[in-house]
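Here the structure is laid out as structure tokens; the discussion comes afterwards.
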Amino acid sequence: MGSQKKPTTLLTQAKIAARVKSLAKEIAANAPRSITVVSLLKGSFVFTADLIRELSLQGVSLEVEFLGFSSYGNSKQSSGALDMYGELRTDVSGRHVLVIDDILETGGTLAAAKDMLQKAGSNSVSICVLLQKNIKQKPSLDADYVGFTVEDKFVVGYGLDYANKYRELPYIAVLDK
Ligand code: IMP
Ligand code: MG
């Protein structure tokens, strides 16, 4: 236990809460009153739980679905090979879908999710990420809503993990090499 390094705080709990509130206002100003939220597991479960309650306070009613995507395995670098698990349990045909993910890096994960939801007949697919990593390569897709842009460092907490650890941290922190 004691060998686990303490990550360095990057975004405090208060800062995240304030941004989640303002993101919900941005989304509510553009989104229809009724949407289907598709939350990508596992990384976005904490963000999703907070964001949907703020969306509700902004008058948006919604259904929630979860899809699992995994690209990192137990490393800090994307394996490139995406593993999708789980399935959509509600019909998204004709629905306005808001995909929620923890962090956008290359865009591979979100592009795969968006493609799948379009093929399932959704009316529109918008994307909301808590974080966008500032990497050299241009992502293969743009998010419609971005909470914070972060430097190209490995971050954990508020749902984000390293080898399935640190998800429970109430803040976002940089995991030093
Ligand atoms: P992309 O498919 O390259 O955009 O990678 C996005 C996915 O990689 C996210 O959904 C996360 O699961 C994971 N990821 C990327 N960067 C980080 C990080 O710094 N910490 C934790 N997970 C990350
Ligand atoms: Mg993920």
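Both ligands and their constituent atoms are indexed starting at 1 by order of listing. All values derive from a computational prediction rather than experimental measurement.
Of all the atoms in ligand 1, the ones that sit under 4.0 Å from a non-hydrogen atom of K133 are 16 (N), 17 (C), 18 (C), 19 (O). Near T109, with a cut-off below 4.0 Å to any heavy atom, the atoms of ligand 1 are 1 (P), 2 (O), 5 (O), 6 (C), 7 (C). Taking every non-hydrogen atom of T106 and a distance limit under 4.0 Å, the qualifying atoms of ligand 1 come out as 1 (P), 2 (O), 3 (O), 4 (O). Within ligand 1, counting atoms from 1 as listed, the ones closer than 4.0 Å to a heavy atom of D101 are 10 (O). Residue K153 approaches ligand 1 through these ligand atoms, each under 4.0 Å from one of its heavy atoms: 19 (O).
Residues K138 and D142 meet the side-chain proximity criterion, which asks for heavy atoms closer than 4.5 Å.
Using a 3.5 Å distance cut-off with no hydrogens or angles, the side chains of R95 and S34 do pair a donor with an acceptor. For T109 and D101, the side-chain atoms include no donor-acceptor pair closer than 3.5 Å.
The heavy atom nearest to atom 11 (C) of ligand 1, considering only V150, I103, V156, is found in I103. Counting only non-hydrogen atoms, the option in D102, L41, V174 that gets closest to atom 10 (O) of ligand 1 is D102.
At least one N or O atom of G107 sits closer than 3.5 Å to an N or O atom of ligand 1. In terms of N/O distances under 3.5 Å, ligand 1 is approached by V155.
By the salt bridge (charged side-chain N to carboxylate O under 4.0 Å, His left out) test, E65 is found to be paired with no residue, residues two or more places apart in sequence or in another chain being considered. The side-chain contact (heavy atoms from CB on, under 4.5 Å) search around T12 returns T9, A14, K15, not counting sequence neighbours.
In this structure a side-chain-to-backbone donor-acceptor pair under 3.5 Å is present from S122 to L117.
With salt bridges taken as basic N to acidic carboxylate O contacts below 4.0 Å, one links E26 and R19.
The closest approach between a heavy atom of D161 and any atom of ligand 1 is below 4.0 Å.
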